[in-house]
Amino acid sequence: MPRWADVALVPLINLVLAFLVSGLVVLYIGENPIEALVIMIRGAVGSAYGWGYTLFYATNFIFTGLAVAVAFHARLFNIGGEGQAAIGGLGVALVCLAVPWPHWLLALPAAIVGGAVFGAAWAAIPAYLQARRGSHIVITTIMFNFIASALLVYLLVDVLKAPGQMSPETARFPEGATLPNAGVLAAIGLPFRPSTPLNLAFLLAILCCWLVWLLIWRTRLGYQIRAFGHSEPAAVYAGISPFRITMLAMLISGALAGLMAINSVMGEAERLVLDSVQGAGFIGIAVALMGRSHPLGVFLAAILFGILYQGGAELEFEMPAVSREMIVVIQALVILFTGALDNMVRLPVERFYLHRRTGHL
Amino acid sequence: MDVAAILPLLDSTLRLATPLLLACLAGLFSERSGIFDIGLEGKMLISAFFSAATAAITGSVWLGLMAGVAGALAFSLIHGLASITFRGNQLISGVAINFLASGLTVLIAQDWFSSGGRTPALAGPARFSAIDLPFADALRDVPVLGPIYHDLVSGHTILVYVALLAVPVTWYVLFRTRYGLRLRAVGENPAAVDTAGISVTGLRYSAVLICGLLTGLAGAYLATGLNAGFGREMTAGRGYIALAALIFAKWRPWYALMATLLFGLLEAVAIRYQTVDLLGVTIPGPFMQALPYILTVVILAGFVGRAIPPRAGGAPYVKER
């Protein structure tokens with residue numbers, strides 16, 4: 001099978017299948033799928049307002065997608081992005097609230113450290129248990145999602161809640177910890193508006209894509225991670241320590257998930273609220289699968305899911321019969337077709353190319 | 001906490017443990033055959049919706065039960081197709097199933113009933129009603145045993161007794177029948193089973209379908225027995241708690257009963273008391289809710305005996321060519 005079929009054709013067919021089934025669902029509800037698609041795309045990318053939300057959501061998904069992708073390279077399935085991002089949010093909030101920051105240029109590096117360290121710490125325990133005690137990382141990270149959510153409920157309701165307010169959220173971050181909004185680009189002629197949440201974290205996400213690419217394909221550690229992922233016995237034979245790789249891959253993965261909070265907590269909400277992650281950790285799974293664990297693929301898949309997210313909100317507004325959960329269905333079908341049912345498409349495509357080649361010979 | 005408070009607490013423990021127990025036994029069959037299933041949550045949810053929706057439309061809880069089980073079976077087949085026929089990643093398939101259920105249920109509920117993703121409240125024959133066991137009233141005044149029999153043992157819906165009965169049945173099927181032996185073998189060493197001329201695919205599909213049946217019962221109980229109708233995300237992580245219980249029980253039926261009763265008790269305590277005072281220390285409510293997960297991690301870490309899953313679990317079987 002040629003390389004382009006592997007990295008482009010098969011994922012594309014999977015995606016088309018996922019959207020076909022989604023279209024059938026819309027049809028069943030009694031709406032026109034083509035019309036729904038047009039509304040979604042127009043709502044997501046048809047205006048600067050739409051782009052402002054689409055890219056904001058995409059920023060979240062880039063971080064969580066990269067998190068899942070890095071772990072995938074070591075053949076570890078980190079399903080705990082949701083919890084790691086939530087705890088990362090806690091780290092970002094603690095940093096932002098600790099000091100009356102004079103300027104965001106000072107606050108941002110500190111918040112990056114806070115989010116990354118907290119996210120990595122939340123991934124560290126499942127990683128250690130996998131590496132040393134052989135506990136299945138999928139199960140432990142699921143459990144840690146629930147523990148994180150309970151921990152945040154406790155902290156926000158009983159400990160961190162700002163005095164004199166009813167809702168369980170922290171005080172607003174100081175003025176000096178506010179990231180520049182894309183609205184500032186209006187000064188140079190770009191039509192972004194400050195009313196959309198797109199902010200500087202988008203650039204940080206792109207930077208992370210590049211850094212992950214460097215890490216995986218241009219460093220010794222990245223090579224070891226991929227070697228370990230392809231074959232553990234071969235990696236051990238080559239002198240690579242499974243413990244070290246499992247720990248490092250999961251720490252990097254957790255840190256990337258934690259960085260999502262720079263966008264959602266520091267960039268948008270400017271305070272820590274309950275459920276600040278809103279499922280983005282799970283969408284990271286779909287994004288990483290679709291992007292074939294490559295940073296460029298993750299970036300493109302994250303934009304696609306950003307479009308789905310923002311478009312889905314518009315869709316609910318214009319077609320009340322199709323509720324917002326349509327996005328969850330599409331997300332599920334993308335995971336199902338590109339992740340679990342991949343062989344359904346891959347095997348026939350492989351056979352097709354095999355036949356063609358042998359036919360020519 | 002006095003004696004008068006203990007009986008109602010144990011009573012709600014039994015009710016809350018029932019969906020966990022059914023789902024846990026469902027996972028037991030699937031995982032013993034070598035198919036990991038983190039989609040228990042999704043199958044319970046889809047069954048909860050279809051059972052409540054059908055019961056609301058037809059007014060018959062039995063039709064509802066059948067619809068719920070059918071929904072869960074359909075999702076099981078998707079899981080089987082992905083993980084047995086197409087040898088895909090079983091964990092990813094489970095994740096997809098959970099999301100599919102979470103989205104589809106609300107979407108269809110909104111389409112059918114237009115009431116914020118809920119079904120109408122069920123009443124009368126559209127719900128499972130409590131069954132009074134024989135002599136429950138007559139024996140009520142017998143000291144100690146009377147109240148226990150009347151309040152705790154009697155007066156549950158049929159699915160509670162089905163769930164309890166499913167424990168010895170599961171044990172018998174798994175450990176005393178030829179089918180059970182083969183099922184356990186296929187989860188440990190499918191190549192050996194294949195060599196003996198028994199279909200690995202057939203055995204695994206059968207286990208996945210039993211899993212669908214049991215999660216179907218669990219979901220139907222949730223929506224038509226424990227509650228009166230479907231609400232969005234009503235499983236609320238019970239599928240994952242069942243998974244935790246399965247590990248806690250080390251993939252064994254009687255231990256599954258103990259584990260789910262323990263987790264049911266934790267849930268009952270968390271519902272009844274917002275905070276728990278234990279020896280002068282106040283335990284916050286969220287801690288109680290997180291306790292099943294924390295306990296599972298401790299068990300998984302191997303500090304309290306090791307939990308070793310079936311050896312061939314999670315790996316698709318590729319026949320030699």
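In the text below, chain A, chain B and the rest are named by the order of the sequence lines, each starting its count at 1. Computed over heavy atoms, backbone and side chain alike; hydrogens, waters and symmetry mates excluded.
Only the side chain of F77(A) comes within contact range of chain B, with at least one heavy atom under 4.5 Å from a heavy atom of that chain. If you measure heavy-atom distances from F36(B) to chain A, the contacts under 4.5 Å come from the side chain alone. When heavy atoms are compared at a cutoff of 4.5 Å, I142(A) approaches chain B solely by way of its side chain, counted from C-beta outward. Using a 4.5 Å cut-off between heavy atoms, Y128(A) makes no contact with chain B at all. Proximity to chain A (any heavy atom under 4.5 Å) is shown, for I241(B), by neither the backbone nor the side chain. For T296(B), the part lying near chain A is the side chain, with the backbone staying farther off; criterion is any non-hydrogen pair under 4.5 Å. Contacts of Q289(B) with chain A are absent, with no heavy-atom separation under 4.5 Å from either backbone or side chain. Using a 4.5 Å cut-off between heavy atoms, V25(A) touches chain B through its side chain atoms alone. For chain B, no part of I330(A) is nearby; none of its heavy atoms comes within less than 4.5 Å. In this structure, chain A has no heavy atom under 4.5 Å from any part of I97(B). For I327(A), no part sits under 4.5 Å from any heavy atom of chain B, backbone or side chain. Of the two parts of L336(A), the backbone and the side chain both hold a non-hydrogen atom closer than 4.5 Å to a non-hydrogen atom of chain B.
Residue R87(B) comes nearest to N343(A) through the heavy atom pair O-ND2, 3.6 Å, listed as atom of the first residue, atom of the second, then distance. Closest non-hydrogen pair, A301(B) versus L129(A), comes out as CB-CD2, 3.5 Å. Summarising the geometry of V153(A) relative to P286(B), their closest heavy-atom pair is CG1-CG, 3.9 Å, with the distance given to 0.1 Å. Of all the heavy atoms in V329(A) and L104(B), the pair that sits closest is CG2-N, 3.5 Å.
The neighbour count for R75(A) CZ, taken as heavy atoms of other residues, nucleotides or ligands under 6.0 Å away, does not exceed 12. The number of heavy atoms from other shown groups lying within 6.0 Å of CZ (F243(A)) is above 12. The environment of F19(A) atom CZ is dense: over 12 non-hydrogen atoms of other residues, nucleotides or ligands sit within 6.0 angstrom. In R346(A), the CZ atom is crowded: over 12 heavy atoms of neighbouring residues, nucleotides or ligands sit closer than 6.0 Å.
Interface remark: of the candidates A101(B), A82(B), G42(B), A82(B) forms the most heavy-atom pairs closer than 4.5 Å to chain A. The candidate from V322(A), V334(A), L341(A), L151(A) with the greatest count of non-hydrogen atom pairs under 4.5 Å with chain B is L341(A). With chain A as the partner, the residue from G88(B), G103(B), S83(B), S102(B) showing the most heavy-atom pairs under 4.5 Å is G103(B). Ranking I285(A), L333(A), V157(A), I139(A) against chain B, the residue ahead of the rest is I139(A), based on heavy-atom pairs under 4.5 Å.
Considering OG of S93(B) and CG of D342(A), their distance stands at 12.5 Å, rounded to 0.5 Å. L107(B) contributes atom CG, which lies 3.5 Å from atom CD1 of I29(A) (distance to the nearest 0.5 angstrom). In this structure, CZ in F146(A) is found 6.0 Å from OH in Y240(B), a value given to the nearest 0.5 Å.
Residues R232(B) and E325(A) form a side-chain contact, since some pair of their non-hydrogen atoms from C-beta on lies under 4.5 Å apart. Annotation: side chain of L91(B) is in contact with side chain of H136(A) (closest heavy-atom distance under 4.5 Å). A heavy-atom distance below 4.5 Å is found between the side chains of I335(A) and I92(B). Residues D111(B) and Y28(A) are in side-chain contact: their nearest non-hydrogen atoms beyond the backbone lie under 4.5 Å apart.
Contacts classified as ring pair (Phe, Tyr, Trp, His ring centres under 6.0 Å) and involving residues 83-107 of chain B (residues at least two apart or in different chains) are given here: F282(A)-F99(B).
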